Amino acid sequence: MVTNVGAGVAEAIRVQAVLLSAHAGQDADLTAVNAGQVPRPATAPFTLAPGESRTIRTVSAMSREAIHSMTAADRPMFVPIVAVNIRCASGAIAGQTARAWAIGVERVDLGQACAVLARYPRAHV
């Protein structure tokens with residue numbers, strides 16, 4: 001859900017959601033997503049009055065080749081990250097909000113959110 005928490009009207013709101021893979025260089029990936037414009041918004045640009053909200057539904061995917069694995073407890077793990085970049089304008093002032101979340105199931109035995117990469121060549125994670 002996108003909410004305008006400001007005092008002015010937010011116009012030309014563009015929402016981008018990107019699926020990334022956690023790895024040692026993920027900060028550079030997040031920086032690249034957040035530094036760019038929103039090339040393919042999840043919905044047509046829209047306007048929100050102060051205090052107004054809109055729910056956005058989107059699907060993000062990544063190629064198998066883009067997956068970076070991490071190792072935990074001697075097992076390869078895929079830790080998906082959803083990065084959201086929202087850009088808007090309020091009059092002549094441009095605004096941006098960006099956040100990222102690791103997605104997964106908390107594994108008590110491994111102590112982190114992750115998905116175990118199957119050892120089968122055609123497995124879907």
Side-chain angles (χ1 to χ4, degrees):
M1 179 176 300
V2 178
T3 302
N4 179 357
V5 297
V9 174
E11 302 170 323
I13 300 170
R14 297 164 319 281
V15 178
Q16 175 185 30
V18 178
L19 184 62
L20 302 171
S21 182
H23 63 98
Q26 73 189 30
D27 288 347
D29 294 344
L30 290 168
T31 298
V33 169
N34 297 336
Q37 292 300 313
V38 177
R40 293 179 48 205
T43 185
F46 58 96
T47 298
L48 291 176
E52 188 178 7
S53 297
R54 179 177 285 188
T55 299
I56 306 296
R57 297 184 193 282
T58 187
V59 175
S60 296
M62 66 188 306
S63 69
R64 188 175 192 98
E65 294 76 32
I67 294 174
H68 298 273
S69 66
M70 299 178 73
T71 303
D74 295 323
R75 296 177 69 184
M77 302 288 162
F78 165 56
V79 181
I81 296 176
V82 174
V84 177
N85 183 19
I86 302 173
R87 293 196 175 257
C88 68
S90 182
I93 301 170
Q96 178 184 22
T97 297
R99 305 244 357 223
W101 297 269
I103 306 298
V105 177
E106 186 174 358
R107 297 276 312 259
V108 176
D109 59 326
L110 299 175
Q112 65 184 32
C114 58
V116 177
L117 290 177
R119 291 192 172 91
Y120 306 102
R122 301 203 50 86
H124 297 279
V125 180

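It should be emphasised that the depicted structure is a prediction, and the values quoted were computed from it without experimental measurement.
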Only distances under 3.5 Å count here; give the side-chain donor-acceptor pairs of residues 36-57 to other protein atoms, sequence neighbours excluded, each with its distance to 0.1 Å.
residue: Glu52; atom: OE1; partner: Ala49; partner atom: N; Å: 2.8
residue: Ser53; atom: OG; partner: Thr3; partner atom: OG1; Å: 2.6

### Residues which pass side-chain contact (heavy atoms from CB on, under 4.5 Å) with Ala66, listed by chain and number, not counting sequence neighbours
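Ala66 satisfies side-chain contact (heavy atoms from CB on, under 4.5 Å) with Met62, Ser63 once adjacent residues are dropped.
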
Tell me which donor-acceptor pairs under 3.5 Å the side chains of residues 91-100 have, and how far apart each pair is, sequence neighbours excluded?
residue: Gln96; atom: NE2; partner: Asn34; partner atom: O; Å: 2.7
residue: Gln96; atom: NE2; partner: Asn85; partner atom: OD1; Å: 2.8

Only distances under 3.5 Å count here; give the side-chain donor-acceptor pairs of residues 8-23 to other protein atoms, sequence neighbours excluded, each with its distance to 0.1 Å.
residue: Arg14; atom: NH1; partner: Ala12; partner atom: O; Å: 2.5
residue: Ser21; atom: OG; partner: His68; partner atom: N; Å: 2.9
residue: Ser21; atom: OG; partner: His68; partner atom: O; Å: 2.9
residue: His23; atom: ND1; partner: Gly25; partner atom: N; Å: 3.0
residue: His23; atom: NE2; partner: Asp29; partner atom: OD2; Å: 2.7

### Path from Ile103 to Val33 over hydrophobic side-chain contacts below 4.5 Å
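No; Val33 is not reachable from Ile103 via cluster members.
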
#### Entry: Least distance between heavy atoms, Val84 atom then Ile86 atom
CG1-CG1, 3.9 Å

